[in-house]
Amino acid sequence: MILNKYCILIDDDEDDQLIFESVINKHYIDFDLLCYDSAQEGIKSISNIEKSNLSAIFLDLNMPRVNGIECLKTLRKDPRLNRTPIVIYSTSNNPQDVNEALLNKADAFITKPSKITNLVEEIKPYLK
């Protein structure tokens with residue numbers, strides 16, 4: 001029996017979701033991507049996924065209502081996600097944003113690249 005491996009993107013930008021989805025579908029065919037438009041929707045859905053099948057969570061930093069840091073803090077409270085990489089994925093390259101993410105236990109901070117080939121390489125360490 002083959003179990004699906006999932007990665008999750010929580011990002012309110014539809015274009016960013018489509019780009020991420022195209023990278024997963026073309027370069028990481030062993031993974032199913034689940035996209036959510038809001039932190040609330042993502043957090044609720046993550047609670048229903050078997051944690052052993054969850055490879056990584058990518059969070060946009062700037063989202064309405066609940067931003068990526070607040071979402072990160074909520075997810076890090078769940079002990080079942082201790083081994084799941086959570087990566088902030090943002091257009092920001094502000095050192096304060098990076099520092100805040102890492103202080104709140106993000107595994108990494110990736111600035112959204114301008115080239116798809118760069119995205120393929122940036123997410124590779126988290127999709128095993």
Side-chain angles (χ1 to χ4, degrees):
M1 180 170 121
I2 297 174
L3 298 175
N4 289 342
K5 294 187 285 185
Y6 296 100
C7 67
I8 290 176
L9 174 65
I10 302 175
D11 193 324
D12 63 319
D13 187 304
E14 190 175 322
D15 291 336
D16 287 337
Q17 287 182 9
L18 291 172
I19 291 167
F20 209 95
E21 183 176 28
S22 71
V23 166
I24 297 297
N25 289 342
K26 185 173 182 181
H27 298 279
Y28 298 98
I29 59 173
D30 293 339
F31 291 87
D32 289 328
L33 176 66
L34 304 174
C35 290
Y36 301 100
D37 295 328
S38 71
Q40 300 93 319
E41 182 184 4
I43 290 167
K44 181 179 176 185
S45 295
I46 288 168
S47 66
N48 295 321
I49 295 172
E50 176 61 44
K51 299 307 182 265
S52 61
N53 297 348
L54 183 55
S55 295
I57 301 169
F58 297 89
L59 302 173
D60 184 24
L61 183 63
N62 298 308
M63 294 184 287
R65 287 191 262 157
V66 178
N67 69 30
I69 297 297
E70 293 166 343
C71 183
L72 170 65
K73 289 177 183 179
T74 299
L75 294 172
R76 282 298 180 216
K77 289 178 185 175
D78 184 340
R80 297 171 299 158
L81 296 174
N82 284 345
R83 295 179 180 225
T84 303
I86 302 176
V87 177
I88 298 294
Y89 176 66
S90 176
T91 55
S92 172
N93 61 3
N94 182 326
Q96 288 178 316
D97 291 336
V98 175
N99 189 44
E100 184 177 12
L102 297 176
L103 284 173
N104 284 287
K105 301 181 184 173
D107 290 277
F109 189 104
I110 297 174
T111 300
K112 293 179 182 179
S114 58
K115 295 182 181 179
I116 288 180
T117 55
N118 293 353
L119 178 57
V120 172
E121 291 303 313
E122 294 259 6
I123 65 175
K124 185 184 240 175
Y126 310 103
L127 299 178
K128 300 174 184 170

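Side-chain atoms of Asn99 do not come within 3.5 Å of backbone N or O of Pro95 as any donor-acceptor pair. Within the 3.5 Å criterion, the main-chain N or O of Ala56 finds no donor-acceptor partner in the side chain of Thr84. Side-chain atoms of Tyr36 do not come within 3.5 Å of backbone N or O of Ile43 as any donor-acceptor pair. Side chain of Asn82 to backbone of Pro79: a donor-acceptor contact under 3.5 angstrom is found. Although no hydrogens or angles enter the test, the distance criterion places a donor-acceptor pair under 3.5 Å between the side chain of Ser22 and the main chain of Ile19.
The shortest heavy-atom contact between Arg76 and Lys105 is NE-O, 2.9 Å. Considering every non-hydrogen atom in both Pro64 and Asp12, the closest pair reads CD-OD2, 3.3 Å. Across Arg80 and Ser47, no two heavy atoms sit closer than the pair NH1-O, 4.3 Å. Between Asn48 and Lys44 the shortest heavy-atom distance is ND2-O, 3.5 Å.
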(message) What verdict does the side-chain contact (heavy atoms from CB on, under 4.5 Å) test give for Ile88 and Asp97, after you've listed the backbone C-alpha separation in whole Å, the side-chain angles of each residue and the deciding distance to 0.1 Å?
(response) CA-CA 10 Å; Ile88 298 294; Asp97 291 336; over 6 Å; no
(request) Run the numbers on Lys26 and Val120 for side-chain contact (heavy atoms from CB on, under 4.5 Å), then give the verdict. (result) CA-CA 10 Å; Lys26 185 173 182 181; Val120 172; over 6 Å; no
(request) Please test Ile24 against Cys7 for side-chain contact (heavy atoms from CB on, under 4.5 Å), starting from the C-alpha separation and ending with a verdict. (result) CA-CA 9 Å; Ile24 297 297; Cys7 67; 3.7 Å; yes
(message) Determine whether Asp16 and Leu9 satisfy the following criterion, side-chain contact (heavy atoms from CB on, under 4.5 Å), listing intermediate values before the conclusion.
(response) CA-CA 9 Å; Asp16 287 337; Leu9 174 65; 5.5 Å; no
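We find the CG-CZ distance between Leu72 and Phe109 to be 11.0 Å, quoted to the nearest 0.5 Å. Rounded to the nearest 0.5 Å, atoms CD1 (Ile46) and CG (Leu75) are 4.5 Å apart. The CD atom of Glu14 lies 10.0 Å from the CD atom of Glu21; values are rounded to the nearest 0.5 Å. The distance from the CE atom of Met63 to the CD1 atom of Ile10 is 6.0 Å, given to the nearest 0.5 Å. We find the CG-NE2 distance between Leu119 and His27 to be 9.0 Å, quoted to the nearest 0.5 Å.
If you chain together hydrophobic residues whose side chains sit under 4.5 Å apart, Leu127 and Phe20 fall into the same group. Cluster membership for Ile110 and Leu18, using ILVMFWY side-chain heavy atoms within less than 4.5 angstrom, is not shared. A continuous path of Ile, Leu, Val, Met, Phe, Trp and Tyr side chains, each step under 4.5 Å between heavy atoms, connects Ile86 with Leu34, placing both in one hydrophobic cluster. Both Val87 and Tyr28 are part of a single hydrophobic cluster, where members link through side-chain heavy atoms under 4.5 Å apart. Note on Tyr6 and Ile123: separate hydrophobic clusters, where clusters join Ile, Leu, Val, Met, Phe, Trp and Tyr whose side-chain heavy atoms are under 4.5 Å apart, directly or indirectly.
Pro85 has its side chain out of reach of Phe58: every pair of non-hydrogen atoms, C-beta onward, lies at least 4.5 Å apart. Residues Ser90 and Asn62 are in side-chain contact: their nearest non-hydrogen atoms beyond the backbone lie under 4.5 Å apart.
Around CG of Leu103, the count of heavy atoms belonging to other residues, nucleotides or ligands within 6.0 Å exceeds 12.
The residue from Asp11, Asn118, Leu61 that alone fulfils the side-chain contact (heavy atoms from CB on, under 4.5 Å) condition with Lys112 is Asp11. Applying the side-chain contact (heavy atoms from CB on, under 4.5 Å) test between Ile8 and each of Leu54, Leu59, Leu33 identifies Leu54 as the sole match.
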